[in-house]
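Position 1 is the first residue of the sequence, and the numbers go up from there.
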Amino acid sequence: MNPEIVSFKWGEIKIRERDGENFTNYTYKDCKLFPGGSIEWDWAKTGTHHKPGIQIADVDDLITEHKDAVILLTRGMDKVLEVTPALIKYLEKQKRLYKIGDTKEIVEEYNKLVLAGTPVVGLFHMTC
């Protein structure tokens with residue numbers, strides 16, 4: 001089960017995860033959501049910058065673990081964050097379903113897919 005996005009605004013996204021009957025709330029600046037959890041998206045771990053953007057290394061572990069999940073990638077509130085052509089080729093080569101858009105659009109898509117019971121891996125950038 002994917003975490004729920006409770007709210008979002010510039011620089012902040014609030015997540016609620018369910019573990020059986022218990023709920024845990026988290027607040028992130030940028031995050032990765034996946035079936036069963038969420039983590040802070042630390043760009044420094046992979047050397048990610050707005051340009052050239054989201055890389056294979058940013059998603060590889062999650063999409064390898066969650067082979068049936070739809071991949072959602074946010075480019076930020078103002079679409080400043082780019083996505084490397086190598087990542088797009090990688091996702092297409094694996095025949096993965098994915099969508100790239102601004103944060104608002106991808107949050108809406110995420111909520112729609114989660115409500116339908118679809119497993120989702122999402123990277124959420126909450127500023128520019």
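A side-chain N or O of Glu92 and one of Tyr98 form a donor-acceptor pair less than 3.5 Å apart. Inspection of the Glu12 and Thr27 side chains reveals no N or O donor paired with an N or O acceptor under 3.5 Å.
Between the Lys32 side chain and the Asp58 main chain, a donor and an acceptor come within less than 3.5 Å of each other. Judged purely by atom type and a 3.5 angstrom limit, Asp19 has no side-chain atom pairing as donor or acceptor with the backbone of Asn22. A side-chain donor-acceptor contact under 3.5 Å links Gln55 to the backbone of Thr46.
One finds the CG atom of Leu81 at 6.5 Å from the OG1 atom of Thr74 (value rounded to the nearest 0.5 Å). For the atom pair CD (Glu108) and CD1 (Ile5), the distance works out to 10.5 Å, reported to the nearest 0.5 Å. In this structure, the separation between CD1 on Ile88 and CD1 on Ile56 is 10.5 Å, given to the nearest 0.5 Å. Atoms CD1 and CG, on Ile63 and Leu123 in that order, are 10.0 Å from each other to the nearest 0.5 Å. Taking NE2 from His125 and CG from Asp78, the interatomic distance works out to 9.0 Å, rounded to the nearest 0.5 Å. To the nearest 0.5 Å, atom CG of residue Leu72 and atom CG of residue Leu33 are 9.5 Å apart.
Using a 4.0 Å cut-off between a side-chain N of Lys or Arg and a carboxylate O of Asp or Glu, Glu4 and Arg18 do not qualify as a salt bridge.
Connection of Val70 to Met1 is not established within any shared hydrophobic cluster, with ILVMFWY side chains joined at heavy-atom distances below 4.5 Å, either directly or through further cluster members. Hydrophobic clustering of Ile, Leu, Val, Met, Phe, Trp and Tyr side chains at less than 4.5 Å, counting indirect connections, keeps Ile106 apart from Ile39. Hydrophobic clustering (side-chain heavy atoms under 4.5 Å, transitive across Ile, Leu, Val, Met, Phe, Trp, Tyr) groups Trp41 together with Leu87. A single hydrophobic cluster is seen to contain both Leu62 and Leu91, as judged by linkage of ILVMFWY side chains at heavy-atom distances under 4.5 Å, directly or through other members.
You'll find the ring centres of Phe124 and Phe8 outside the 6.0 Å limit.
The minimum heavy-atom distance between His66 and Arg96, with the atom names listed, is O-NH2, 2.8 Å. Residue Met77 comes nearest to Thr103 through the heavy atom pair N-OG1, 3.4 Å, listed as atom of the first residue, atom of the second, then distance.
Within the 4.5 Å cutoff, side-chain heavy atoms of Asp60 are placed close to those of Tyr90. For the pair Phe34 and Pro3, the minimum side-chain heavy-atom distance is 4.5 Å or more. At a threshold of 4.5 Å between non-hydrogen side-chain atoms, the residues Ile15 and Ile13 count as touching. The shortest distance between side-chain heavy atoms of Val121 and Pro35 falls below 4.5 Å.
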#### Entry: Intermediate values then yes/no, side-chain contact (heavy atoms from CB on, under 4.5 Å), Asn25 and Lys14
CA-CA 7 Å; Asn25 296 308; Lys14 293 188 177 194; over 6 Å; no

### Intermediate values then yes/no, side-chain contact (heavy atoms from CB on, under 4.5 Å), Tyr28 and Met126
CA-CA 9 Å; Tyr28 298 108; Met126 304 313 298; over 6 Å; no

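The aromatic rings of His50 and Trp43 sit perpendicular, their planes meeting at an angle over 60°, well past the 30° parallel limit.
The side chain to side chain contact (heavy atoms under 4.5 Å, CB included) test with Leu113 singles out one residue from Thr118, Asn2, Leu97, and that residue is Thr118.
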